[in-house]
Undergrad: 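Got a structure for you, written out below as structure tokens; questions coming shortly.
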Amino acid sequence: MIGLSVLAAILMKIKKEYKVYILSVYLVLMAVIGLLYNVRLMDKVMPSVRPLNQTFYQPQYQESGEYPDSLLMLLFKDRKIFVRDDVYLVSQAEKENKSFLYAYYHARNMHWLLNYSGAVCVRDKSMNHQKVRETLLKKDYEVLGNINDMFRYCFMYNDLIDEPGNYFNYYWYYYEFLPVIKAYMCTATDSKGQTVFDAEELVILWYSTDGSEAEDLYIMTKDYYEKEVKETEAPYAE
């Protein structure tokens, strides 16, 4: 578009008698280029939403998998949430052929996010190797959506003073480098008759099912975790 503008300016100066025609062709070409550009990026445009209530998270987001973090921030507030305590060192990440940024962000981002949301974050090493069995996942869980953006914006909550703490590194790692990260929420009622929406204590597990650095979240009540998920002898193989 810049090249076309320069060319049009030069032609109008050289061929002054055709100035009107050159300008007309220039305007038509600019309009066509703009149209093609917008059509090409149409799928990148954020959709317009008509709110159905006074909260940021709208019911239709569950079907589309959009903005799950807006629901999770409401869910975490004022709750006591038990999480893994499996923070990494850079040397550990490198030994496993993972990005050094994995060592900075793994677990810590979730801890920072919970503290920011107003939750009481309880770190529990006994949860480090626990996983949700596939049978339970299919029966009791729903996919909320992709949460790469939720972690991408964790740069605002961290206390890192070097480069891994800035937005560029967060953007590259969570948006360009990692595949999709999903959040799974348990929809089953636990033995106390509670769900994740009314229980005072929740559990969040995270792990990868394919060995990659992208680790999905699994959210459930503390009672459900103790009764259905927790393995006391050995971690699940699945």
Undergrad: Return yes if a side-chain donor-acceptor contact under 3.5 Å exists between Tyr224 and Thr189, otherwise no.
TA: no
Undergrad: Walk me through whether Leu4 and Met1 qualify under side chain to side chain contact (heavy atoms under 4.5 Å, CB included).
TA: CA-CA 5 Å; Leu4 183 61; Met1 294 178 77; 5.6 Å; no
Undergrad: Do you know the tightest heavy-atom contact between Met185 and Phe197?
TA: SD-CZ, 3.7 Å
Undergrad: Can you measure from OG (Ser24) to CG (Leu29) and round to the nearest 0.5 angstrom?
TA: 11.0 Å
Undergrad: Decide side chain to side chain contact (heavy atoms under 4.5 Å, CB included) for Leu72 and Leu113; before the verdict, give the C-alpha distance in whole Å, the side-chain angles of both, and the deciding distance to 0.1 Å.
TA: CA-CA 10 Å; Leu72 292 179; Leu113 185 65; over 6 Å; no
Undergrad: Do any N or O atoms from the side chain of Asn146 and from the backbone of Asn148 form a donor-acceptor pair under 3.5 angstrom?
TA: no
Undergrad: Verify the neighbour count for atom OH of Tyr175: are there more than 12 heavy atoms of other residues, nucleotides or ligands below 6.0 Å?
TA: no
Undergrad: Does the separation of the ring centres of Tyr105 and Tyr174 fall below 6.0 angstrom?
TA: yes
Undergrad: Quick one: pull up OG in Ser126 and CD in Glu231 and give me the separation to the nearest 0.5 Å.
TA: 12.5 Å
Undergrad: Would a hydrophobic clustering, with Ile, Leu, Val, Met, Phe, Trp and Tyr connected at side-chain separations under 4.5 Å, put Met127 with Val87?
TA: no
Undergrad: Is it the case that atom OH in Tyr157 sees more than 12 heavy atoms from other parts of the structure closer than 6.0 Å?
TA: yes
Undergrad: If you define the side chain from C-beta out and look only at heavy atoms, does anything of Asp149 sit under 4.5 Å from Asp69?
TA: no
Undergrad: Checking Tyr104 against Asn169 for the side chain to side chain donor-acceptor pair (under 3.5 Å) test, could you report, in this order, the C-alpha distance in whole Å, the side-chain angles of both residues, the deciding distance, and whether it holds?
TA: CA-CA 11 Å; Tyr104 280 88; Asn169 283 282; over 6 Å; no
Undergrad: Please give me the minimum heavy-atom distance between Val132 and Tyr207, naming the atom from each residue.
TA: N-OH, 3.0 Å
Undergrad: What about Phe151 and Tyr173, are their ring centers closer than 6.0 Å?
TA: no
Undergrad: Would you say that Val203 contacts Val229 through its side chain, given a criterion of any heavy-atom pair below 4.5 Å between the two side chains?
TA: no
Undergrad: Count the heavy atoms belonging to other residues, nucleotides or ligands that lie under 6.0 Å from CD of Gln92, then report whether that count exceeds 12.
TA: yes
Undergrad: Give me the atom names and distance for the closest heavy-atom approach of His111 to Cys121.
TA: CD2-SG, 3.9 Å
Undergrad: Taking atom OH of Tyr21 as the centre, does the number of heavy atoms from other residues, nucleotides or ligands within less than 6.0 Å exceed 12?
TA: no
Undergrad: Would you mind reporting whether Met220 and Tyr184 have side-chain heavy atoms less than 4.5 Å apart?
TA: no
Undergrad: Please determine, by modelled atom types, if Tyr88 and Glu96 share a side-chain donor-acceptor pair under 3.5 angstrom.
TA: yes
Undergrad: Please find the pair of heavy atoms, one from Ala107 and one from Asp86, that lie closest to each other, and give the distance.
TA: CB-OD1, 3.6 Å
Undergrad: Using the salt bridge (Lys or Arg N to Asp or Glu O under 4.0 Å) criterion, which residues pair with Asp190? Sequence neighbours excluded.
TA: none
Undergrad: Is the closest side-chain heavy-atom distance between Asn109 and Tyr170 below 4.5 Å?
TA: yes
Undergrad: Within a radius of less than 6.0 Å around CD of Glu176, do more than 12 heavy atoms belonging to other residues, nucleotides or ligands occur?
TA: yes
Undergrad: Just wondering, are more than 12 heavy atoms of other shown residues or ligands nearer than 6.0 Å to CD1 in Ile161?
TA: no
Undergrad: Using the rule that two of Ile, Leu, Val, Met, Phe, Trp, Tyr join whenever any of their side-chain heavy atoms come within less than 4.5 Å, decide whether Phe76 and Leu74 are in one cluster.
TA: no
Undergrad: Under the salt bridge (Lys or Arg N to Asp or Glu O under 4.0 Å) definition, can you give me all pairs with a residue in residues 201-222, not counting sequence neighbours?
TA: Lys222-Glu226
Undergrad: Shortest non-hydrogen contact from Pro164 to Leu101?
TA: CB-CD2, 3.8 Å
Undergrad: Taking Asp140's backbone N and O only, do any of them form a donor-acceptor pair with Thr187's side chain (distance below 3.5 Å, no angle check)?
TA: yes
Undergrad: Please name the pair of heavy atoms, one in Arg84 and one in His129, separated by the smallest distance, quoted to 0.1 Å.
TA: NH2-C, 3.9 Å
Undergrad: Are the side chains of Met156 and Tyr167 in touch, meaning some heavy atoms are under 4.5 Å apart?
TA: no
Undergrad: Going from CD1 on Ile204 to CD1 on Ile81, what distance comes out if it is rounded to the nearest 0.5 angstrom?
TA: 4.5 Å
Undergrad: For the residue pair Trp112 and Leu160, establish whether any side-chain heavy-atom pair is separated by less than 4.5 Å.
TA: yes
Undergrad: Quick one, Leu71 and Tyr67 - any side-chain contact, counting heavy atoms below 4.5 Å?
TA: no
Undergrad: Kindly indicate, with the supporting measurements, whether the criterion side chain to side chain contact (heavy atoms under 4.5 Å, CB included) is fulfilled by Tyr26 and Ser5.
TA: CA-CA 8 Å; Tyr26 167 74; Ser5 299; 2.8 Å; yes
Undergrad: Is the shortest heavy-atom distance from the side chain of Lys77 to the side chain of Met73 under 4.5 Å?
TA: no
Undergrad: Test side chain to side chain contact (heavy atoms under 4.5 Å, CB included) on His106 and Arg108; report intermediate values, then the result.
TA: CA-CA 5 Å; His106 175 79; Arg108 293 183 177 90; 5.9 Å; no
Undergrad: Supply the atom-to-atom distance Asp223 CG to Leu202 CG, rounded to the nearest 0.5 angstrom.
TA: 11.5 Å
Undergrad: Would Ile10 end up clustered with Tyr18 when hydrophobic side chains under 4.5 Å apart are linked, directly or stepwise?
TA: no
Undergrad: Starting at CE of Met30, measure out to CG of Leu23 and round the result to the nearest 0.5 Å.
TA: 11.0 Å
Undergrad: When clusters are formed by joining ILVMFWY residues with side-chain heavy atoms under 4.5 Å apart, either directly or through shared neighbours, do Ile147 and Trp172 land in the same one?
TA: yes
Undergrad: Determine whether more than 12 heavy atoms belonging to other residues, nucleotides or ligands lie under 6.0 Å from atom NZ of Lys182.
TA: no
Undergrad: How many angstroms lie between CD1 in Ile181 and CH2 in Trp206, if you round to the nearest 0.5 Å?
TA: 12.5 Å
Undergrad: Starting from Leu217, can I reach Val180 by hopping between I/L/V/M/F/W/Y residues whose side chains sit under 4.5 Å apart?
TA: no
